[in-house]
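Everything below concerns the one structure shown next.
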Amino acid sequence: MSKITLKVNGGTHTVDVDPTTPLLYILRNDLNLQGPHFGCGLGQCGACTVILNGAAVRSCILPVSAVRGEITTLEGLSRNGQLHPLQQAWIDEQAPQCGFCQNGQIMTAKVMLDKNPHPTDAQIRDTMNNTLCRCMSYNRVQAAIKRAAKTVAALDNAAQEKEVVA
Amino acid sequence: MIPQNVEDILLTHRRGFLTTAGLLFIGFAAPASPAADAPGPYPLVDPTRLDSWIVIHQNNTATFYVGKTDPGQGTGTGFRQLMSDELDIAFDNTTCIMGSTDITVDQIGSGGSSAMERDSLPMRRAAAEARRALLEMASARFAVPLDQLAVSEGVVTVKTDPSRHVTYGDLIGGGKFNITLSGNNALNVNGKAKIKTIPELKYAGKPTRRDDIPGKVDATTKYSVDVKLPGMVHARNVKPPYACATLTGIDESSVKSLPGFIKVMSKGNYVAVVCEREEQAVRAARQLKTTWQKPATAPFPSSDDLFNYLRTAKPVAVSTAGPEAGALVVGDPARAFQNAAKVIEAEYEIPFQGHTAFGPAHAIADPSNGQMTIYSNDMKTYGMRRGVATFLGLPHDRVRVVYMPGSQGFGRTAAEDAACEAAWLAHELGRPVRMQWMRDEETAWDSKSPAFLVKMRAALDNEGNLNGYSYEARSCDYNHLGYNEPDTTLIAQLMGQRREKPAAGSAATPSDMYAIPNRGMRGDVVALPAIWETPLRTGNLRDPNGPQAAFASESFIDEVAAAIQADPLDFRLKLLEAGTGDDSGFRRARSLAVLKAAAQKYGWDSRPSGKPRGSGKILTGRGIAYTFRGQSMVAQIVEVEVNRETGHVWAKRMVCAHDCGFVVNPQSLLTSLECGMLHGLSRSLHEEVRFNTERVTSVDWISHPTLRHADVPASVEIVIVNGDPNPGRPDLPLYGAGEACLKPTMAAVANAIHDATGVRLRRVPFRPERVLAALRAAGV
Ligand code: FES
Ligand code: FES
């Protein structure tokens, strides 16, 4: 066992665990987060995705001792009770069925849009291709991503205009 | 206030439900476990008491209690729409609690797309009766006759003097109705009030956002995997490395010194390890040294030999009832084949396909207070309660199942395995146990949809008319799993429990309304050599064997149409129109309606298929298929692009026309249909369980692949059809939705591939290697 400090969703947590433990179990069982899910434990499905230093990583295969930097989970996307535009788009498109995979869908899409605010259809399919859904909500997820991209662009424009005015 | 037998429990739960807007309030956020709050026993809820179904609160809100579960299609929102309408209360002021065995009546849970069609009726009757009772209370309070009262959104007003009004909450808030419904079970209960007609419904019929979605996108939904209880420990199974192996030894010293290790627990061939922490249990299960003896004979043929096996094995059961034992016969098919000018034959093969639920099986079992509480996403929680109680030898009222959302059901969670495992471990240890399967375990050992081998024959007369038709199916479905039966769940099998007579399984015949003068259909069930302790256990995967039957029958109808150079749509319409009369659900008329609607949406032009082959790398084609499930009619058109160099198939466009009668929530129907169609596409293109003669080798998302983002059609289009001859009738029925829409997909895709390439694929799935081999063999 060893003491490990994690920065998650703006807070700091110290846990005393086996350093080889996959980050997923720490997030779920020690930090009581329920956004990241266990789907495969093999890095194949995306259910466990978190954002680590701006990248989408699969916490089921990442030893907790290897974590350096800030972790954001699905819980950390909303700000001041305001849903992230992605989350709102997911509701507007009624994307989830059972919802179990949607953590992976949303977090992977978030990183994609952060890097590429205007993805083409082909880029969406390509970037999302290893994020699986057994309810087959893919069509709605893709629609939600496009919808969110528009909202984010509109928000950015508004923010820029504000800056110019200021 | 609330009926005595559920009072404590209801109050406990209601407090939680009200503070969290319909979400269970348990686990780390609650100081004590819910079992401690509600010490039991946990008898079933009396369906004949109105108070079992509806509670009205002082603030003029209502909670509906229904014995259904919602694996992600939005049925809970649909129940709220219907019950709000019948009760005349604002939809936004209602919540719906589902499927927990001690607080909701036993409506079985979910399955068979029966939510709206069958089980919404008693809910509506209860809500209508509550409305009637409330109006009588208001009538007494205002001393005015009933016909002088109006009610809207939970407020009763005196028509002649609108200043006199009272809310439902003021009339009864927190109190009980004390009304006994007629009938004696959750299907036939009824009150004195009549339910509304279709035109009188206000919320039902309107596209409505699902109430379960916000929590699923902001991580506030508490799934059953999220339950944490004080003192809870973690368990993992150690599965036999070979099917039907016998455990010969456990070397506990191989894990004894691991941190957090508690115990290896075993009985018969069942082995599990229990540790303090989850990752410790994962590690200990991997590290535990066990020895096993292989069975003397191979438990099954390899997946490559499966269809040869099915072809030659002796059937164990005939599942299709009919005039002649085991067969459905119209006219004289034998004679039609004797006199045929031309006979067409084809054989179709559909392999085992896995549920491969996105989240593996899991359950949390709490043995506190000498009771057993199971937290689970089981679709059929009531069956699970019976199964767990019988398995442990506990009185049924000492067991309850608390239903919580989980990864999709699709039948896998009706034949669930983890609950009996967690319950047995918790019972033995005296501590709450959380059991979860690993991915390889879930994919290899979950329940499978039966493999099918179907032989089809057609007899054409001199004019090329389809005069004789024969369907002979062999379904590999013996010992089909029940709903958490204590002797078919895997742990029971591994512990050596055997039922005397395994379930016969089924071999479905096609669902269509074609009028063919001489028709014979037969379904036989074939058993694999091993039927116990095997990973090739069959269970319901949505419509359990409809897609298999439809793949054969609707591919074959296309083959017959192609043989006589007929357009496949025209050919189907002609076969339907050749029939006279209709059944009580107007299935003939509605079959025609969905086919025509799909064709119109697609822009179908009449021509035989396959069309003249293009010369480029990408060949395109379109295919149609139609079928029904129960009274839900569906026609689908798929347009494909086939890459002749790689064999890759992309379904570029999918069109579906769907008629399930009155639609309660058009919005959730659309999304459910989209997802169902894509599931059908996934089964067409990717899914097959692979195995050698010792074990299943499909163990993850590579070896049992599934549809991915890149496979999604550029366009998925749905037409909701109401093909009833009297579409506006006030008693238009509500039929099931969800399962029917994936039934014709495999055939529609195969028909489209044939149209594009001229090559007929009769073996599912259409993976690139198989398609390419078929193209090469045909010289394409
Ligand atoms: S659970 Fe991590 S990728 Fe599947
Ligand atoms: S919504 Fe159920 S797995 Fe994706």
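Per chain, numbering begins at 1; letters A, B, ... match sequence-line order.
- For B:Thr671, the parts lying under 4.5 angstrom from a heavy atom of chain A are both the backbone and the side chain.
- Taking the ring centroids of A:His37 and B:Phe358, they lie at or beyond the 6.0 Å cut-off.
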Problem - Test side chain to side chain contact (heavy atoms under 4.5 Å, CB included) applied to A:Gln94 and B:Ser668, step by step - result: CA-CA 8 Å; A:Gln94 296 283 287; B:Ser668 66; over 6 Å; no
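- Here CD of B:Glu279 is found 8.0 Å from OG1 of A:Thr20. Values are rounded to the nearest 0.5 Å.
- Proximity to chain A involves both the backbone and the side chain of B:Thr356, based on heavy atoms less than 4.5 angstrom apart.
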Problem - side chain to side chain contact (heavy atoms under 4.5 Å, CB included) evaluation trace for B:Gln408 with A:Phe100 - result: CA-CA 8 Å; B:Gln408 66 287 125; A:Phe100 209 79; 5.8 Å; no
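- Using a 4.0 Å cut-off between charged side-chain N and carboxylate O, A:Arg134 and B:Glu687 make a salt bridge.
- In terms of non-hydrogen atom pairs under 4.5 Å with chain A, the most contact-rich of B:Gly409, B:Gly74, B:Gly406, B:Ala714 is B:Gly406.
- Between the CD atom in A:Gln97 and the CD atom in B:Gln73 there is a gap of 5.0 Å [rounded to 0.5 Å].
- For B:Pro259, no part sits under 4.5 Å from any heavy atom of chain A, backbone or side chain.
- Judged purely by distance below 3.5 Å, without hydrogens or angles, the side chains of B:Glu278 and A:Asn29 pair a donor atom with an acceptor atom.
- The pair B:Asp226-A:Arg28 meets the salt-bridge criterion, with a side-chain N (NZ, NE, NH1 or NH2) lying under 4.0 Å from an Asp/Glu carboxylate O.
- Heavy-atom distances place no part of B:His362 under 4.5 Å from chain A, backbone and side chain included.
- For B:Gln667, the part lying near chain A is the side chain, with the backbone staying farther off; criterion is any non-hydrogen pair under 4.5 Å.
- Proximity to chain A involves both the backbone and the side chain of B:Ser672, based on heavy atoms less than 4.5 angstrom apart.
- By number of non-hydrogen pairs under 4.5 angstrom with chain B, the leading residue of A:Ala95, A:Cys133, A:Pro96, A:Ser78 is A:Pro96.
- At least one side-chain heavy atom of A:Asp30 sits under 4.5 Å from a side-chain heavy atom of B:Arg277.
- Residues B:Lys216 and A:Gln102 fail the side-chain proximity criterion, which asks for heavy atoms closer than 4.5 Å.
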Exercise for the section: Evaluate the criterion side chain to side chain donor-acceptor pair (under 3.5 Å) for residue pair A:Asn130 and B:Arg708; output intermediate values, then yes/no. Expected result: CA-CA 7 Å; A:Asn130 290 327; B:Arg708 290 167 182 262; 2.7 Å; yes
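- Electrostatic pairing of A:Asp18 and B:Arg283 counts as a salt bridge here, judged by a charged N lying under 4.0 Å from a carboxylate O.
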